[in-house]
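A short worksheet on the structure shown next.
These numbers come from a predicted model, not from an experiment.
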Amino acid sequence: MSKLLKPVKLVVIASEAGRVTRKYPFEEPLVTPDFRGKIEINASKCIGCGACVNACPPNALQLIEDKEKLVLRYFIGRCIFCWRCIDVCPTGAIKGTREFELATDDISDLYTHVVHSRKVCALCGNTYATEKIIRYVAEHASLSEEYLDKCPDCRKRNFIKALSRRRGGFE
């Protein structure tokens, strides 16, 4: 007899509680403040340093380099929404959103690209960093202005020559 009363008891409890689900998509979904959705990259703030790429566990962020440009590519399909990239971005170019409705029938909608032009070394002509990184370093670090327009290899050669001259050596 008690087996027959269990369903009736459940119906009584459910009717007292009322509706607890939302009629999504006809009503706004319940998204808590702690919810992590997709990220947005502000191209004007991004310097192309790659810190976010190093911090991304599923490799949803990638740096694609060639001679003239450096491209930061974000693929939402790989993102696990951990927001580690937000924590490590030195310029605050990446921010998190509560957006979760990401379904699409076009895979290109899942990609975001930020293109940076690369700086050319004044001595050897090789490209070595983005122009935004050079400006960022110049603003935030105390260093000699004469080294900003040189690639790391040329900076190293100039430093060694300067040390050699200081110690009385020959170039």
Side-chain angles (χ1 to χ4, degrees), residues 31 33-171:
V31 180
D34 296 330
F35 182 80
R36 294 179 177 184
K38 81 172 208 174
I39 62 167
E40 289 181 352
I41 304 170
N42 184 339
S44 63
K45 286 184 177 180
C46 179
I47 60 174
C49 65
C52 56
V53 174
N54 291 333
C56 186
N59 296 325
L61 291 159
Q62 295 178 317
L63 273 182
I64 303 165
E65 300 182 51
D66 68 10
K67 187 85 172 144
E68 296 88 30
K69 63 185 176 200
L70 182 135
V71 179
L72 175 65
R73 180 172 70 181
Y74 170 51
F75 178 52
I76 299 168
R78 289 192 66 103
C79 188
I80 59 173
F81 311 107
C82 65
W83 286 12
R84 290 176 71 186
C85 52
I86 297 170
D87 296 335
V88 300
C89 183
T91 61
I94 303 174
K95 73 171 195 164
T97 68
R98 305 283 179 247
E99 188 176 345
F100 66 94
E101 295 172 322
L102 305 172
T104 180
D105 58 355
D106 185 7
I107 196 163
S108 65
D109 292 341
L110 299 177
Y111 286 96
T112 301
H113 294 89
V114 178
V115 180
H116 297 282
S117 59
R118 298 189 74 179
K119 185 88 168 151
V120 177
C121 178
L123 297 178
C124 66
N126 291 333
T127 55
Y128 61 98
T130 67
E131 293 181 10
K132 287 184 177 182
I133 286 178
I134 300 301
R135 272 187 264 138
Y136 181 82
V137 169
E139 292 171 3
H140 293 85
S142 58
L143 51 92
S144 176
E145 294 288 326
E146 66 184 83
Y147 289 111
L148 285 177
D149 62 344
K150 295 173 184 68
C151 69
D153 292 333
C154 290
R155 276 186 241 152
K156 194 182 308 177
R157 277 194 293 276
N158 283 359
F159 182 71
I160 291 170
K161 283 181 187 179
L163 281 179
S164 176
R165 276 182 272 164
R166 183 177 288 169
R167 292 186 178 151
F170 299 102
E171 291 184 32

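Atom-to-atom distance recorded for K150:NZ and K119:NZ is 10.5 Å, nearest 0.5 angstrom. Taken from NZ in K38 to CG in L110, the straight-line distance is 9.0 Å, to the nearest 0.5 Å. Here the straight-line distance linking atom OG1 of T91 with atom CD1 of I94 works out to 7.5 Å at 0.5 Å rounding. Of the inter-residue distances, the one linking N59 atom CG with N54 atom CG reads 10.0 Å to the nearest 0.5 angstrom. In this structure, the separation between CG on L63 and SG on C52 is 6.5 Å, given to the nearest 0.5 Å. For the atom pair CG (L70) and OG1 (T127), the distance works out to 9.5 Å, reported to the nearest 0.5 Å.
Not counting sequence neighbours, Y128 has no partner by the ring-ring contact (aromatic ring centres under 6.0 Å, His included) test.
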Check your understanding: Going through the checks in order, is the side chain to side chain donor-acceptor pair (under 3.5 Å) test met by S108 and D106?
Key -> CA-CA 5 Å; S108 65; D106 185 7; 2.9 Å; yes

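The main-chain N or O of I47 is found under 3.5 Å from a side-chain atom of T130 such that the two form a donor-acceptor pair.
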Show every donor-acceptor pair shorter than 3.5 Å between a side-chain atom in residues 71-81 and any protein atom, with sequence neighbours excluded, or say none if there are none.
residue: R73; atom: NE; partner: Q62; partner atom: OE1; Å: 3.3
residue: R73; atom: NH2; partner: Q62; partner atom: OE1; Å: 2.4
residue: R78; atom: NE; partner: P58; partner atom: O; Å: 2.7
residue: R78; atom: NH2; partner: P58; partner atom: O; Å: 2.8

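The minimum heavy-atom distance linking C121 with C151 is given by the pair SG-N, 3.3 Å. Nearest heavy atoms, C56 versus A60: SG-N, 3.1 Å. Of all heavy-atom pairs spanning V88 and A55, the tightest one is CG2-CB, 3.7 Å. Nearest heavy atoms, A129 versus I134: CB-CD1, 4.1 Å.
You'll find the side chain of L61 reaches within 4.5 Å of the side chain of I41, heavy atoms only. Under the 4.5 Å side-chain criterion, counting only non-hydrogen atoms from C-beta, D153 is not in contact with C124.
Residues in residues 46-72 take part in these salt bridge (Lys or Arg N to Asp or Glu O under 4.0 Å) pairs, two or more places apart or across chains: E65-R118.
Other residues, nucleotides and ligands contribute over 12 non-hydrogen atoms within 6.0 Å of the CZ atom of F35.
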